[in-house]
Amino acid sequence: MYGFKLVDKGVWYSCKAEVDITYMNASEPELVKSFVDADALSSWLVDHDVDLTGYGRGQAKSVQQLWREVEDGETVFSVSGKAVTRCIDTLLVYIISSSNKVLQEEFQIMPNGTKRARDVPLAEKMKAGEAWKDAVIRAVKEELGSVLSLAPQVYTVHKVEATVNGLPETERFVTIEQRPDGTMENHWVWTSSIANGKSFVT
């Protein structure tokens, strides 16, 4: 069961949208939302002068992973001439413990074994047309569901602060997220403050 309460929309918002897009021209850019497969996306990016040499290296996403995001409605591309911009709406959920600490994801272990530093609260890409309340529920289930024995209860405050019953309150814990490319470990830590200045989009 989920409960929500929206407070103070003046400074902080229920959902923080981070869209890495700047319109340089007065004309409306074209939005591209679907490709037949990852190869089609790769060819399209090359046709628009996007260098693919860095994709899939280190912590960078592969073209296959990027295509999956597009097909899941998490990413769209804005096109102006040959210039291509990846556009993402990101939801941030500040989960507060009974001792008034904020849950942050410390790092992740990717399916290929790569460790990626995070140091951010629960963050999830929103799907096209998805309501922020639905995104909160989905984010909690996907990211924290492996340690929740019962259906989580989420109470949101401004900044989408949330109380999620059933989470471990040990200083650190690990959750498992099943992905199309394998299993990812999410390593979490309770902190006494909310992170600022971090990049939440990956």
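Keep in mind the model is a prediction, meaning the values are calculated, not measured.
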For the pair [X] (side chain) and [Y] (backbone), establish whether a donor and an acceptor sit closer than 3.5 Å, ignoring hydrogens and angles.
X    : Y    : answer
E143 : V140 : no
E69  : L66  : no
S62  : Q65  : yes
D72  : E74  : no
S42  : A38  : no
R57  : T53  : yes

Listed once per pair and sorted, the ring pair (Phe, Tyr, Trp, His ring centres under 6.0 Å) pairs that draw on residues 39-80, sequence neighbours left out: F35-W44, W44-H48, W44-F77
Would you indicate whether the side-chain heavy atoms of [Y] and [X] approach each other to under 4.5 Å?
X    : Y    : result
L122 : I95  : yes
H187 : R118 : no
E71  : S34  : yes
V32  : V76  : no
W190 : T170 : no
E30  : S78  : no
V63  : L41  : yes
D181 : P111 : yes

Test log, rule side chain to side chain donor-acceptor pair (under 3.5 Å), inputs Q104 and D119: CA-CA 6 Å; Q104 288 190 188; D119 294 324; 4.9 Å; no
Stepwise side-chain contact (heavy atoms from CB on, under 4.5 Å) test for F107 and R116: CA-CA 6 Å; F107 62 90; R116 180 168 66 182; over 6 Å; no
Approximate separation, where rounding is to 0.5 Å, of K141 NZ and E177 CD: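 Reported value, rounded in 0.5 Å steps: 14.5 Å.
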From E142 atom CD to T175 atom OG1, the distance as rounded to the nearest 0.5 Å: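 Separation between the atoms: 11.5 Å.
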Candidate pair V147 and F173, rule side-chain contact (heavy atoms from CB on, under 4.5 Å), full reasoning: CA-CA 9 Å; V147 297; F173 64 91; 4.1 Å; yes
Closest contact, heavy atoms only, V36 versus A40: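 Closest approach of V36 to A40: N-CB, 4.1 Å.
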A131 to M126 - nearest heavy-atom pair and separation: C-CE, 4.1 Å
Joint cluster assignment, L45 & V79, ILVMFWY side-chain distance < 4.5 Å: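 Yes, L45 and V79 fall within the same hydrophobic cluster.
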In one Ile/Leu/Val/Met/Phe/Trp/Tyr side-chain cluster, 4.5 Å: V50, V46: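 They do share one cluster, since a chain of ILVMFWY contacts under 4.5 Å joins V50 to V46.
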Any residue meeting side chain to side chain donor-acceptor pair (under 3.5 Å) with D47, in chain and number order, not counting sequence neighbours: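 Side chain to side chain donor-acceptor pair (under 3.5 Å) list for D47, sorted by chain: empty.
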E124: partners by side chain to side chain donor-acceptor pair (under 3.5 Å), with sequence neighbours left out: R138
Residues clustered with I176, ILVMFWY side-chain links under 4.5 angstrom: none
Fellow cluster residues of M110, listed by chain then number, with links counted only when side-chain atoms sit under 4.5 Å apart: M184
Salt bridge (Lys or Arg N to Asp or Glu O under 4.0 Å) between K101 and E169, worked out: CA-CA 9 Å; K101 289 187 176 181; E169 295 201 9; over 6 Å; no
Qualifying residue, where the test is side chain to side chain contact (heavy atoms under 4.5 Å, CB included) with T75 and the options are R86, K33, K61: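 Of all the options given, the one that passes is R86.
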By side-chain contact (heavy atoms from CB on, under 4.5 Å) - contacts of D49 (at least two apart):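 For D49 the side-chain contact (heavy atoms from CB on, under 4.5 Å) partners, ignoring immediate neighbours, are K82.
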Worked check of side-chain contact (heavy atoms from CB on, under 4.5 Å) between L103 and L144: CA-CA 11 Å; L103 183 64; L144 299 171; 4.2 Å; yes
